[in-house]
Structures are given as C-alpha cells and as structure tokens.
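Starting from 1, each residue takes its place in the sequence as its number. Everything numeric here is computed off the predicted structure, so don't read it as measured data. Any value given below was found using the heavy atoms of this structure, including those in side chains, with hydrogens, waters and symmetry copies removed.
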Amino acid sequence: MPEQGPRMNGFSLGELCWLFCCPPCPSRIAAKLAFLPPEPTYTVMQPEQQEGGAAAVGTPTGSCSLHLTERADWQYSQRELDAVEVFFSRTARDNRLGCMFVRCAPSSRYTLLFSHGNAVDLGQMCSFYIGLGSRINCNVFSYDYSGYGVSTGKPSEKNLYADIDAAWQALRTSIDKISKVTSPVLVIHGTEDEVIDFSHGLAMYERCPRAVEPLWVEGAGHNDIELYAQYLERLKQFISHELPNS
C-alpha cells in the first residue's frame, strides 16, 4: 500500500490542509439545501416555433404559448388557460427567466408578485394562482427561478437576487397601468413553519416601514398555511380595504 503520510486524529496532513485552507463555500452548501427544482412540468413555445398549427388554442399571434404536462395538475378548462400569459425576461446575470401573468381579475387595480416555493415550478403553481387571484380579486405575476422550469442557469443565492429584480422590472413594463408602486406590505407567517422559522416573518414585519397588521397563523406550517380560513380572509381585507385606503 502506498504511504498516506502522517495522520492527526484520523485526518491526513493533506486533508487537514484542504479543510482549513480550502473550506467548502457556504453559499454552495446553502444552494444544495435550499433549491430543489423539480423536473419541468411545462414547456413554452415561442412564436417562431408555432408555425404549422403548433400554437395552443386561443394563443394570440406573436405571443408565446404554454403547454402543460400531466405533472402540472391543471384543474381548470381551456378558458382559464387562455388567461395565462407566458413570456421570457433576461436577468442581470444573463439567465433567461420564464415569467407568467395570470389575468384572474381583469378589472382589478392590483397585481400580486408571487415568488413560489423551492420544490415547484410555474406549471405546478398556475392552478393555485388562478384560484387565489379569483378569490381575492387580484391578478398574479410569477416567475421561475434560474434552473427551474424553462429558466436557464443554476439555482443560487446570487441568481435568486437577479431573478427577483428581473421579475420586478418585467412586471413594471408588461403591465399597462403600473408606473410607480408605493403599496403597504402584509406579512403572513405560520407559527409552526418547519422550513422558514417564524422569527423570519417577525423580523420582516418589524423592519418594514409600511407594514400593515400582520397575520400570524397559529399552528400553520410551511406547506399548509393557505388551508387556514384566516389566510384567505386576511388577504381579502388587505386587497379590498387597506390597499385602496393607503
């Protein structure tokens, strides 16, 4: 057997040098733990790909079309699907970002910018967006993080910041009536959230200069908070009363 060199407490000298001189990058470790992109549940066809009858039913000429797979769990008819617009944006880190605008309430004054969870994509979320937006009378704009769905690149902390910035810029320029947003902020968090600790929601509320009365959902976890009645009621109150009077 070749000589491994001196060892200290079970580690070779080379291993100790690697551990202390070249430690693993914390952001890379966090990215592997925080981002769990699923297999894409949808595809987007651009106008040049739709020749020969390939475009989805109801798709306007010159726009992208959304095609859902069976894993998308679509719960609505073609009529609702026609209200879902998809397009691409570009981030500052040169990743192509898949964006979705759901016209749940055409007469609504507001559009909700929704950042989805870490293990789903737009194809899995669009049914939820239609249900949520219809109930609170609000349109919904969302996007897939880098490496999710049809978005290019890899999931990372730096890409995440670029993703939300690109999504915000796209929302301001795909939406007709938004020139400047000075809306108040509603923070909702489950007290038993096992993924994002409740302390994070509390810190956001305390540091936000325009926060309205928050909703702390007693007993709610990370993935079931929308099942609590007060979740929907609080959103309705925020959309119907607090935003118009702000």
Next item on the list: Measure the spacing between OG of Ser127 and CG of Leu68 and express it to the nearest 0.5 Å.
Entry: 7.5 Å
Next item on the list: Would you give the length of the straight line joining atom CD of Glu213 to atom CZ of Phe238, rounded to the nearest 0.5 angstrom?
Entry: 12.5 Å
Notebook entry, point to check: Which residues satisfy the salt bridge (Lys or Arg N to Asp or Glu O under 4.0 Å) test with Glu242, sequence neighbours excluded?
Noted result: Arg234
Note to self: Applying ring-ring contact (aromatic ring centres under 6.0 Å, His included), can you list everything that pairs with Phe128, at least two apart in sequence or on another chain?
What the structure shows: Phe114
Notebook entry, point to check: Looking at residues at least two apart in the chain, or sitting in another chain, which of them share a side chain to side chain donor-acceptor pair (under 3.5 Å) with Arg71?
Noted result: none
Margin query: Please evaluate residues Leu112 and Leu132 with respect to the criterion side chain to side chain contact (heavy atoms under 4.5 Å, CB included), reporting the C-alpha separation (whole Å), side-chain torsions for both, the decisive distance (0.1 Å), and the verdict.
Written below: CA-CA 10 Å; Leu112 178 68; Leu132 176 64; 4.0 Å; yes
Next item on the list: Can you measure from CD (Glu192) to CG (Asp197) and round to the nearest 0.5 angstrom?
Entry: 9.5 Å
Notebook entry, point to check: With distance as the sole test, does Glu194 use its side chain to make a donor-acceptor pair with the main-chain N or O of His222 at under 3.5 Å?
Noted result: yes
Check: What closest approach, in Å, do Gly219 and Tyr228 show between heavy atoms, and which atom pair accounts for it?
Finding: O-OH, 3.2 Å
Next item on the list: Any chance you could measure Arg93, atom CZ, to Thr152, atom OG1, to the nearest 0.5 Å?
Entry: 11.5 Å
Margin query: Could you walk me through whether Thr111 and Phe101 satisfy the side chain to side chain contact (heavy atoms under 4.5 Å, CB included) test, starting with their C-alpha distance in whole Å, then the side-chain angles of each, then the deciding distance to 0.1 Å, before giving a yes or no?
Written below: CA-CA 9 Å; Thr111 296; Phe101 181 58; 3.8 Å; yes
Note to self: Test of understanding: with ring-ring contact (aromatic ring centres under 6.0 Å, His included), list the residues that count as partners of Tyr145, not counting sequence neighbours.
What the structure shows: His116, Tyr143, Tyr148
Item checked: CG on Leu66 to CE on Met100, rounded to 0.5 Å -> 5.0 Å
Note to self: Applying salt bridge (Lys or Arg N to Asp or Glu O under 4.0 Å), can you list everything that pairs with Glu85, at least two apart in sequence or on another chain?
What the structure shows: Arg103
Next item on the list: Please identify each residue that fulfils side chain to side chain donor-acceptor pair (under 3.5 Å) with Asp121, with sequence neighbours left out.
Entry: Thr41
